[in-house]
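What follows is a short report on a single structure.
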Amino acid sequence: MTRRQRTIREPFSLSGVGLHTGTSCTLRVQPAEAGHGVVFVRTDLPDQPRLPADIDYADSQGRRTSIRMAGAEICTIEHFLAACHAMRIDNLLVTADGPEVPGLDGSALPFVEAIRAAKPVDQALDRKEFQLLQPISVSDP
C-alpha cells in the first residue's frame, strides 16, 4: 500500500535545553517540498551546514543518535524523528541554533503535539516504502 508524502502546513518553533550537552537550542521547523526529506540546518555554525536525516550520516554515541556530516553534527535527534515517523511526516526543513535537539520532557510527545498543531498535509509524490521480504536476524555473542 502506498501513501503520499507529507509535510506540515504551518511552521513552528520549540526551544529548550539538550539532555546531554545542557546547551540551549531553538528548532524552527518549516514545511519542505516533496522529495526533500527531513533536513537539519545548523544556523549557529559557519556556512550553516545541512545535515540530512539519512542513515548514511547517522552516528550513535552512547545514549543518543546524531547526524554527522563534513565536521558538523546535530545530536539527540531520535525523539524528533520518532514523532515525524508517528505523524507520517516525510519532508521538513529544521533549523537549529545549537548542537542538540531540545530534550523538552524527555519524550517524543511534545514534538508530536507540535507537528499535529502544524497541520500535516499530503503532497503530490508517493512515499517510497521499505518492504521486508525475508526475515532478518542479528546476534551478538
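Atoms considered below: every heavy atom in the structure, side chains included; atoms not considered: hydrogens, waters and symmetry mates.
- Note on Leu19: it does not cluster hydrophobically with Leu104, by side-chain heavy-atom contacts below 4.5 Å among ILVMFWY residues.
- Exactly one of Gln123, Glu33, Gln30 qualifies for a side-chain hydrogen bond (donor to acceptor under 3.5 Å, both in side chains) with Asn91. That residue is Gln123.
- Smallest separation of non-hydrogen atoms from Cys75 and Ser66: CB-OG, 3.0 Å.
- Put simply, CG on Leu125 and OG1 on Thr2 are 11.5 Å apart, with the number rounded to the nearest 0.5 Å.
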- Query: Please walk me through it: do Leu14 and Thr26 pass side chain to side chain contact (heavy atoms under 4.5 Å, CB included)?
  - Reply: CA-CA 6 Å; Leu14 291 170; Thr26 297; over 6 Å; no
- Verdict with supporting geometry, Phe40 and Arg50, side chain to side chain contact (heavy atoms under 4.5 Å, CB included): CA-CA 6 Å; Phe40 295 90; Arg50 298 172 63 87; over 6 Å; no
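- No side-chain heavy atom of Gln131 sits less than 4.5 Å from a side-chain heavy atom of Glu129.
- Counting heavy atoms from C-beta outward, Val94 and Phe80 have side chains that approach closer than 4.5 Å.
- When atom types are taken as modelled, the side chain of Arg42 and the backbone of Gly98 share a donor-acceptor pair closer than 3.5 angstrom.
- Between Val101 and Leu27 there is a side-chain heavy-atom pair separated by less than 4.5 Å.
- At least one donor-acceptor pair closer than 3.5 Å links the side chain of Asp54 to the backbone N or O of Asp56.
- The heavy-atom pair separating Pro49 from Ala72 by the smallest distance is CG-CB, 3.5 Å.
- Two residues are said to be in side-chain contact when any heavy atoms from C-beta on lie closer than 4.5 Å; Ile8 and Val29 meet this criterion.
- Note that OG1 of Thr23 and CG of Asp44 are 9.5 Å apart. Values are rounded to the nearest 0.5 Å.
- Here Arg4 pairs with Asp126 in a salt bridge; the nearest charged N to carboxylate O distance falls below 4.0 Å.
- Checked for salt-bridge contact, Asp90 and Arg6 miss the test: no charged N lies under 4.0 Å from a carboxylate O.
- Residues Glu73 and Leu51 have side chains not in contact (no heavy-atom distance under 4.5 Å, counting atoms from C-beta outward).
- With hydrogens and angles disregarded, no donor-acceptor distance shorter than 3.5 Å links the side chain of Arg28 to the backbone of Ala96.
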- Query: Do Cys84 and Leu92 pass the side chain to side chain contact (heavy atoms under 4.5 Å, CB included) test, and can you show the C-alpha distance, the side-chain angles, and the key distance before you say yes or no?
  - Reply: CA-CA 9 Å; Cys84 291; Leu92 294 172; 3.7 Å; yes
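- Here the straight-line distance linking atom CZ of Arg116 with atom CD1 of Ile89 works out to 11.0 Å at 0.5 Å rounding.
- For the pair Asp105 and Pro110, the tightest heavy-atom approach, listed with the atom from each and the gap, is OD1-CD, 3.3 Å.
- In this structure, the side chains of Cys25 and Asp97 come closer than 4.5 Å at one or more pairs of heavy atoms.
- The shortest heavy-atom contact between Gln48 and Val41 is O-CG1, 3.6 Å.
- Phe111 and Val39 are assigned to two separate hydrophobic clusters, defined by single-linkage of ILVMFWY side chains at heavy-atom distances under 4.5 Å.
- Within the 3.5 Å criterion, the main-chain N or O of Thr21 finds a donor-acceptor partner in the side chain of Glu100.
- Residue Val112 is grouped with residue Val38 when hydrophobic side chains (ILVMFWY) are merged at heavy-atom distances under 4.5 angstrom, including chains of intermediate members.
- Between the side chain of Gln5 and the main chain of Gly35, a donor-acceptor pair closer than 3.5 Å is present.
- The backbone N or O of Thr65 sits less than 3.5 Å from a side-chain atom of Glu78, completing a donor-acceptor pair.
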- Pair Tyr57-Arg68, side chain to side chain contact (heavy atoms under 4.5 Å, CB included): steps then yes or no: CA-CA 5 Å; Tyr57 307 113; Arg68 194 181 299 238; 5.9 Å; no
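- Rounding to the nearest 0.5 Å gives a distance of 14.0 Å between CZ of Arg88 and OG1 of Thr7.
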